[in-house]
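To start, the structure itself, in structure tokens.
Worth saying up front: this structure is predicted, and the values here are computed from it rather than measured. All ligand and atom numbering here is 1-based and tracks the order in the structure.
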Amino acid sequence: MNAVVNLKWIEAANYEEMSKLAADMFKAELKHNPKMVLGLATGGTPEGFYKELVEAYQAGEISFEQAQSYNLDEYVGINPTNEASYHYYMDQNLFNHVDMKRENIHVPKGDTADLQAAAAHYDEMIEAAGGVDIQLLGIGINGHIGFNEPGTPFTLGTNVVELTESTRDANKIYFNSIDEVPTYAITMGIQTIMNAKKVVLLISGASKQEAMDRLRSGEVTEDFPASALHNHKDVTVIYTGVK
Ligand code: PGA
């Protein structure tokens, strides 16, 4: 079977619809399985998705009380209260507004002395939790998923990575200057992502057109990390503002 047909492509009319469609998939799973293990992502793309989840919680439609979450990645050398950290982003966009228990919230630890141990422990925790039910993903302009940059072996679990200049440049808007953007990060590996039962990939905006085209081509190569998803059996790509 042609790999491309494995991905389910949904074109959304606009950013709000993309966010809503993705949130609907998580809401449906959460209602059916209150102990859902959510795989979460940060960045500009999923902000609307989190808004939808918070609104659904506030409307009494869903509860996170028994759920748990695992985020994709975190910068190294930045603590969770730093406004540029992904933990802080998650607090602001979701965790501070819903009833998920703090002990059930997991973001890789980028501010620990033993990063390798933290990385190995992260995969053990996910496995002990029964695996991620739905993993949300964005995509970098270079095709990265999580912080798995081009060239990353598909076989890696959670690990410590050096960020490419392209990624540091794309993320400098969250810092005072590019010099402040961390050089290293801790990220779920491609293998960790592939272990999720279901994957939802969001693509929004013209800056992602090239990444979109490459994903659509169906070529599977470690030079383009998102292409690993062609080997996953349940991936939905929801896109808007790209062709
Ligand atoms: P973005 O980031 O949503 O801010 O574009 C996506 C990514 O780099 O994975």
Polar side chain donor-acceptor pair, [X] to [Y], under 3.5 angstrom:
| X | Y | value |
| --- | --- | --- |
| Asn79 | Thr81 | yes |
| Asp99 | Ser63 | yes |
| His106 | Ser69 | no |

Among all protein heavy atoms, pick out the one at the shortest distance from [atom]; state its residue, atom name and that distance to 0.1 Å.
| atom | value |
| --- | --- |
| atom 6 (C) of ligand 1 | Ile139 O, 3.5 Å |
| atom 9 (O) of ligand 1 | His144 NE2, 3.3 Å |
| atom 5 (O) of ligand 1 | Lys208 NZ, 2.6 Å |
| atom 3 (O) of ligand 1 | Thr45 OG1, 2.5 Å |

#### Entry: Ring centroid separation Phe147 to Tyr184 under 6.0 Å
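No, the ring of Phe147 stays outside the 6.0 Å limit from the ring of Tyr184, centre to centre.
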### Query
For ligand 1, is there an N or O atom under 3.5 Å from any N or O atom of Gly44?
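Yes; at least one N/O pair falls below 3.5 Å.
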### Query
Heavy atom under 4.0 Å from ligand 1: found in Leu202's side chain, backbone, both, or neither?
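No part of Leu202 is near ligand 1 at this cut-off.
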### Query
Mind checking whether Phe95 and His87 have parallel, tilted or perpendicular rings, split at 30° and 60°?
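Phe95 and His87: perpendicular rings.
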### Query
Once the angle between the rings of Tyr239 and Trp9 is folded into 0 to 90°, is it parallel (under 30°), tilted (30 to 60°) or perpendicular (over 60°)?
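Answer is perpendicular, since the angle exceeds 60°.
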### Numbered atoms of ligand 1 (with element) below 4.0 Å of Gly43, judged on heavy atoms
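It comes down to these atoms of ligand 1: 3 (O), 4 (O).
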#### Entry: Under 4.0 Å to a heavy atom of Gly138 - the qualifying atoms of ligand 1, by number
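Heavy-atom distances to Gly138 below 4.0 Å select 9 (O).
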